[in-house]
Amino acid sequence: MSITGSSLTQRLQVLRLGYGEETNACAWEEDRWTWAAAEQDTRSNLFSAVGVGARGVTFTIRKSPHLTLHHAFRWRGWFCFLTAIMDGDPGFQVVKAALCEPVPCAAVPQRRVLGLGNRPQLAEGAKLSFPGVLTEKYVRYGQEDTYARTETAYVLVTPKQISLDAGTLVTVQKGPAAGLYNLLACHVLDEFKNEYEITRRRDV
């Protein structure tokens with residue numbers, strides 16, 4: 001079925017990542033509004049290369065040369081993580097997205113620098129606040145002699161502008177996964193996003 005302008009009945013808020021220099025905080029903020037045709041997908045959208053996918057949705061919008069995968073959508077209250085932008089019918093483009101919800105996070109970046117005697121040491125940077133999307137990786141349960149310990153791991157997917165190193169402590173500030181995590185591994189080859197494996201251990 002061909003798409004026409006009258007088919008675009010869903011209002012979309014287009015978001016871009018903003019940065020407050022005084023607060024050293026990033027946040028999604030409104031860029032503009034547009035109209036779309038929307039269809040929820042039957043398969044999960046694998047927005048993370050190393051984590052579990054989320055429900056997907058496909059939008060058809062009027063072609064915009066300014067839209068990239070650095071943007072996001074807000075649709076019917078849902079945050080939409082953009083994963084693909086393709087040509088559609090003449091004058092239109094098709095946008096694939098994952099339905100998810102970012103959580104507020106904070107981290108104190110740590111960099112290796114040379115100290116006295118040219119010995120490498122860790123130096124803390126300024127606290128950075130940013131939005132991230134969590135997806136599950138695994139939950140491992142281990143029974144010790146006198147106690148049990150759980151280790152929970154997530155994949156934290158962030159905008160490309162958020163650059164962190166392994167060993168950084170990341171705080172998920174809200175939601176059921178709130179807590180302090182250690183950043184174990186970085187996956188940064190994607191042009192539009194970074195993925196970080198974070199973990200925490202607790203005695204139970």
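Quick note: residue numbers are just sequence positions, from 1.
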Identify whether Val188 and Phe130 are in the same connected component of the hydrophobic contact network (ILVMFWY, side-chain heavy atoms under 4.5 Å). yes

Do the ring centers of Phe59 and Trp75 come within less than 6.0 Å of each other? yes

Please give me the minimum heavy-atom distance between Leu69 and Ala84, naming the atom from each residue. CD2-N, 3.6 Å

Asn24 side chain near Tyr19 side chain, heavy-atom distance below 4.5 Å: yes

Show the numbers, then the answer: is there a side chain to side chain contact (heavy atoms under 4.5 Å, CB included) between His71 and His66? CA-CA 10 Å; His71 290 91; His66 305 294; 5.6 Å; no

Are Lys160 and Glu191 packed together at the side-chain level, in the sense that at least one heavy-atom pair is separated by less than 4.5 angstrom? no

For Val50, does its backbone N or O pair with a side-chain atom of Ser48 as donor and acceptor, under 3.5 Å? yes

Is a donor from one side chain sitting under 3.5 angstrom from an acceptor on the other, for Gln13 and Arg32? no

Decide whether Val94 and Leu99 are clustered together by the hydrophobic rule: side chain heavy atoms of Ile, Leu, Val, Met, Phe, Trp, Tyr closer than 4.5 Å, transitively. no

So, does Asp41 use its side chain to make a donor-acceptor pair with the main chain of Arg43 at under 3.5 Å? no

Closest non-hydrogen contact found for Cys186 with Leu164 is SG-O, 3.6 Å

Please tell me whether His187 and Glu197 have a donor and an acceptor in their side chains that are separated by less than 3.5 angstrom. yes

Just so I know, are the side chains of Pro131 and Pro104 near enough to count as touching, which here means a heavy-atom distance under 4.5 Å? no

Using 4.0 Å as the upper bound for N to carboxylate O, is an ion pair formed by Lys63 and Asp87? yes

Tell me if a side-chain donor or acceptor on Gln93 pairs with a main-chain N or O of Ile85 at a distance below 3.5 Å. no

Connected via hydrophobic side-chain network under 4.5 Å: Leu15 and Phe192: no

On a heavy-atom basis, the closest approach of Ala106 and Lys127 is CB-CE, 3.6 Å

Indicate, with yes or no, if Leu183 and Leu134 share a hydrophobic cluster defined by side-chain heavy-atom contacts under 4.5 Å among Ile, Leu, Val, Met, Phe, Trp and Tyr. yes

Separation between CG (Leu128) and CD (Gln161), nearest 0.5 Å, reads 11.0 Å

Could you tell me how the ring of Phe81 sits relative to the ring of Phe47: parallel (under 30°), tilted (30 to 60°) or perpendicular (over 60°)? tilted

Arg16 with Glu29: basic N within carboxylate O range, under 4.0 Å: yes

If you measure from OG1 on Thr152 to CD1 on Ile198, what distance do you get to the nearest 0.5 Å? 10.5 Å

State yes or no: do Val155 and Phe79 share one hydrophobic cluster built from I, L, V, M, F, W and Y residues joined by side-chain heavy-atom distances below 4.5 Å, directly or via other members? yes

Could you please spell out the steps behind the side chain to side chain contact (heavy atoms under 4.5 Å, CB included) verdict for Leu156 and Val170? CA-CA 10 Å; Leu156 176 65; Val170 177; 4.0 Å; yes

How far apart are the closest heavy atoms of Thr158 and Ile162, and which atoms are they? OG1-CB, 3.5 Å

To the nearest 0.5 Å, how far apart are CZ in Phe73 and CG in Asp31? 10.5 Å

So which atom in Thr68 and which in Leu82 form the shortest heavy-atom distance, rounded to 0.1 Å? O-CD1, 3.9 Å

Starting from the C-alpha separation in whole Å, work towards a yes-or-no answer on side-chain hydrogen bond (donor to acceptor under 3.5 Å, both in side chains) for Thr83 and Asn45. CA-CA 8 Å; Thr83 57; Asn45 184 301; 3.0 Å; yes

With the threshold set at 4.0 Å, does a side-chain nitrogen-carboxylate oxygen contact exist between Arg74 and Glu101? yes

NZ or CZ of Arg62 within 45° of Trp35 ring axis and under 6.0 Å: no

Check: Phe92 main-chain N/O paired with Asp89 side-chain donor or acceptor under 3.5 Å: no

Return the CZ to OG1 distance between Arg55 and Thr42, rounded to the nearest 0.5 Å. 13.0 Å

Residue of the set Leu8, Leu67, Val14 for which side chain to side chain contact (heavy atoms under 4.5 Å, CB included) holds with Thr34: Val14

Distance-only side-chain donor-acceptor flag, Glu39 / Thr58, under 3.5 Å: no

Least distance between heavy atoms, Trp28 atom then Pro159 atom: CZ2-CG, 3.8 Å

